[in-house]
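One structure is given below, encoded as structure tokens.
Letters A, B, ... are given to chains in the order of the sequence lines, protein chains preceding strands, and every chain is numbered from 1.
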Amino acid sequence: MRIATWNINSAKARQARLIEWLDRAQPDVVCLQETKLDDNAFAENFDEDLFRRGYAYAHHGDGRWNGVALLSRIGLDDVERGLAGGPGFPDPEPRAVAATCGGVRIWSLYVPNGRAPDDPHYAYKLEWLAALRGVLAESAPRQPIMACGDFNIAPTDADVWDPADFVGATHVTEPERSALGALTDLGLVDVLRARWPDDVVYTYWDYRALCFPKNMGMRIDLTLASADVAGRVAAAWVDRAARKGTGTSDHAPVVVDLDTAPDGDVGPMVPPPSSRGSSGRGSSGRGSSSQGSSNRSGSERAAATIRRKSAPSPATTTEDGA
DNA sequence: ATGTCAGGCACGGCCTGA
């Protein structure tokens, strides 16, 4: 079961890249953020592309800004749009959609940016995260869950290319990190970081100033999983190829492969493509701890990481081509 | 150098958001 999250920065502008990526990456479930479409426009643009590939979807958007979606080819049940009890700015915005897919309650989340610590949008961000905690706290004890999306928070200073550059900025402040900590305190595991504890792993690079080629990035797109789900993680990586070239989002997808659940009721309805065998699933199966790294495959490593240099220089970082 | 994009409005560049 392959789950991905991707802030695509406009579904319409990204249509060709998204479809191309679905065909290449073969995710079973995709959490999208910043579709920037209303529900009708999303349907008009994507019904044919998605249904032909076996995906059902739930879109929650009202047009110009925000907009989230869940795509699934392994079932899409009990769809829930919006964040119950969440704040507005001033009205509630389409930043959350959830569904049960393959036995896991999955959330696609677009946390407010915050803009600046003294901006009203920052207070809104913290209120929104508090409401999210309330919703996940009800769900987490009852079922396996994953909360995926653009959190607009770098969990630690290791998740930004230069902490000094972020002094006074959002995404790194203590209240934001505490709000994220309140989510992990529910027992949710940041599965990408658990998988790559010591590597430079970014998911977002500003379009400006050659940030991507220099690897001046941030890790703000997160895949949080309840312990039962985290224990099934067979691989987790950032698909940096999706950020390369022209016409890309400024975010790259985060991809997580789960082994089949212990009760064996979960699996893709579409036969796994041959590419799947080279992405970390071929090893021993369940029992791979989310903390463990010994069974990471070379291709997972190649896709996921940039090696940290002893003297970090953005211009000289190279891909780890295992 | 806020050095780039995206959408909206409305068809030519501004404005807003990220």
Side-chain angles (χ1 to χ4, degrees), chain A residues 5-21 31-46 59-69 87-96 108-129 148-154 159-162 164-173 176 179-180 202-222 238 240-254 313-315:
Chain A
T5 184
W6 194 9
N7 178 324
I8 51 172
N9 185 19
S10 170
K12 202 170 176 182
R14 216 64 62 215
Q15 181 145 7
R17 292 284 302 222
L18 173 60
I19 298 305
E20 181 183 302
W21 176 79
C31 303
L32 297 175
Q33 299 87 38
E34 282 206 87
T35 63
K36 297 184 177 177
L37 292 176
D38 63 32
D39 294 343
N40 288 335
F42 187 88
E44 283 167 22
N45 283 280
F46 286 95
H59 183 267
H60 182 42
D62 58 15
R64 187 171 183 180
W65 307 117
N66 312 306
V68 288
F89 195 76
D91 299 316
E93 298 176 311
R95 294 177 174 275
S108 177
L109 303 167
Y110 178 45
V111 176
N113 175 285
R115 298 178 188 167
D118 60 355
D119 192 293
H121 207 257
Y122 178 86
Y124 168 54
K125 180 179 194 174
L126 296 179
E127 289 166 20
W128 199 92
L129 286 161
C148 304
D150 178 358
F151 281 72
N152 273 315
I153 300 171
D159 298 308
V160 298
W161 74 277
D162 182 4
D165 219 47
F166 287 86
V167 173
T170 59
H171 295 58
V172 300
T173 67
E176 290 165 283
L180 181 61
Y202 298 143
T203 65
Y204 163 83
W205 301 261
D206 198 299
Y207 286 121
R208 291 168 286 191
L210 299 174
C211 282
F212 183 64
K214 291 178 177 175
N215 200 32
M216 294 158 60
M218 307 173 75
R219 191 174 70 91
I220 56 177
D221 300 273
L222 307 178
V238 177
R240 298 181 69 258
R243 180 64 178 79
K244 294 179 182 176
T246 56
T248 70
S249 170
D250 41 3
H251 297 249
V254 180
S313 166

Review item, nucleotides 11-18 of chain B N/O atoms under 3.5 Å of protein N/O:
unit_1 : atom_1 : unit_2   : atom_2 : d
B:dA18 : OP2    : A:Arg115 : NE     : 2.7
B:dA18 : OP2    : A:Arg115 : NH2    : 3.4

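- Taking atom CG of residue A:Asn45 and atom C1' of nucleotide B:dA6, one finds them 15 Å apart after rounding to whole Å.
- If you look at A:His171 and A:Phe166, their ring centroids are not closer than 6.0 Å.
- Using the six-membered ring where Trp is involved, A:Phe46 and A:Phe42 have ring planes that are parallel, under 30° apart on the 30 and 60° scheme.
- Rounded to whole Å, the distance from CG on A:Leu37 to P on B:dG7 is 8 Å.
- Sequence order on DNA chain B of the closest nucleotides to A:Ala209 and A:Ala13 puts A:Ala209 first from the 5' end.
- Scanning for side chain to side chain contact (heavy atoms under 4.5 Å, CB included) contacts around A:Trp21 gives A:Ala4, A:Trp6, A:Leu18, A:Arg24, A:Ala25, A:Pro27, A:Val30, A:Asp239, A:Ala242, A:Pro253, A:Val255, with sequence neighbours left out.
- Between B:dG3 and B:dC14, the distance separating the two P atoms is 15 Å to the nearest Å.
- At distances below 3.5 Å, not a single donor-acceptor pair connects side-chain atoms of A:Arg243 with backbone N or O atoms of A:Phe212.
- Annotation: side chain of A:Val160 is not in contact with side chain of A:Arg219 (no heavy-atom distance under 4.5 Å).
- Atom CG in A:Leu210 sits roughly 14 Å away from atom P in B:dT2 (whole-Å rounding).
- Between the C1' atoms of B:dA18 and B:dT2, the separation comes to 11 Å (whole Å).
- Atom C1' of B:dG12 sits at a distance of 15 Å from the matching atom of B:dG7, rounded to the whole Å.
- Here CG of A:Asp206 is found 11.0 Å from CH2 of A:Trp161. Values are rounded to the nearest 0.5 Å.
- Comparing the C1' positions of B:dA10 and B:dC15 gives an interatomic distance of 13 Å, to the nearest angstrom.
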